[in-house]
Amino acid sequence: MARRILLLGPPGAGKGTQATLLANALHVPHISTGDMLRSAVADGSDLGRRVESIMAAGELVSDDLVVAIVDERLSKDDARCGYLLDGFPRTIGQAEALNDSVVDAIGTVVLLDVPTEEVVQRLLKRAEDEGRSDDNEETIRRRLEVYDADTAPLVDFYGNVVLTINGMGTVDEVLSRIMISLARS
Ligand code: B4P
């Protein structure tokens, strides 16, 4: 059966990190709206210029823009046999739009559970290592508020297909918890 998985969790929970490893293990494409938007900014494309300041402020890019990008990506051949969505849907509006365009769009939601102070520390460390423009403390706090207000309601939206995984510990420990949980689901 096609694996259609959504990785959910606050900024810094380890979604990007785990998605890369999981997509490899499950042989499905890793579709990250954050990566796609950052690459548009790096390319200086029309889209990139429109979203740069929104992302740097820790706000969400508009649903219409993100939905259009994902619709196009999901229409590619490699997404026919499953995918791992990382960072999308991030609002109820995006989830409804996805349901309208793809039948049975999400089979399983993996929710990474990490306490707020830990995610703040991880993102501050990444700021030191990588210098991402949205990883300063003020923006991180704003991204967490946006997560609570706009993204956390997706946990109820997806209800009984949500697998909650303890996201604390090493990357390998978290990965193996996810793999065990997926195998049992
Ligand atoms: P994202 O790229 O999705 O970024 P994120 O929420 O910060 O999560 P990320 O994947 O980076 O963190 P991770 O946990 O992997 O979004 C960035 C911005 O793009 C958004 O704020 C928004 O503006 C825009 N956007 C994206 N999608 C959108 C959408 N659908 N709608 C509207 N706007 C959208 O990693 C964090 C750090 O923790 C890393 O340094 C990693 O090395 C470290 N780490 C990971 N696992 C660890 C572990 N077990 N222990 C210690 N450190 C760990």
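Numbering of ligands and ligand atoms starts at 1, following listing order.
Shown here is Glu72, whose CD atom has no more than 12 heavy atoms of other residues, nucleotides or ligands within 6.0 Å.
Salt bridge absent: Arg126 and Asp134 never bring a charged side-chain N and a carboxylate O closer than 4.0 Å.
Although no hydrogens or angles enter the test, the distance criterion places no donor-acceptor pair under 3.5 Å between the side chain of Glu118 and the main chain of Pro115.
The salt bridge (charged side-chain N to carboxylate O under 4.0 Å, His left out) check on Lys125 picks up Asp129, with sequence neighbours excluded.
Looking only at side-chain heavy atoms (C-beta outward), Ile31 and Met36 come within less than 4.5 Å of each other.
The hydrophobic cluster containing Val67 also contains Ile54, counting ILVMFWY residues as joined when their side-chain heavy atoms lie under 4.5 angstrom apart, directly or transitively.
Using a heavy-atom distance under 4.0 Å as the criterion, the protein contacts of ligand 1 are Pro11, Gly12, Ala13, Gly14, Lys15, Gly16, Thr17, Thr33, Gly34, Leu37, Arg38, Met55, Glu59, Leu60, Val61, Val66, Gly87, Phe88, Arg90, Gln94, Arg122, Leu123, Arg126, Arg132, Asp134, Arg143, Gly169, Thr170, Val171.
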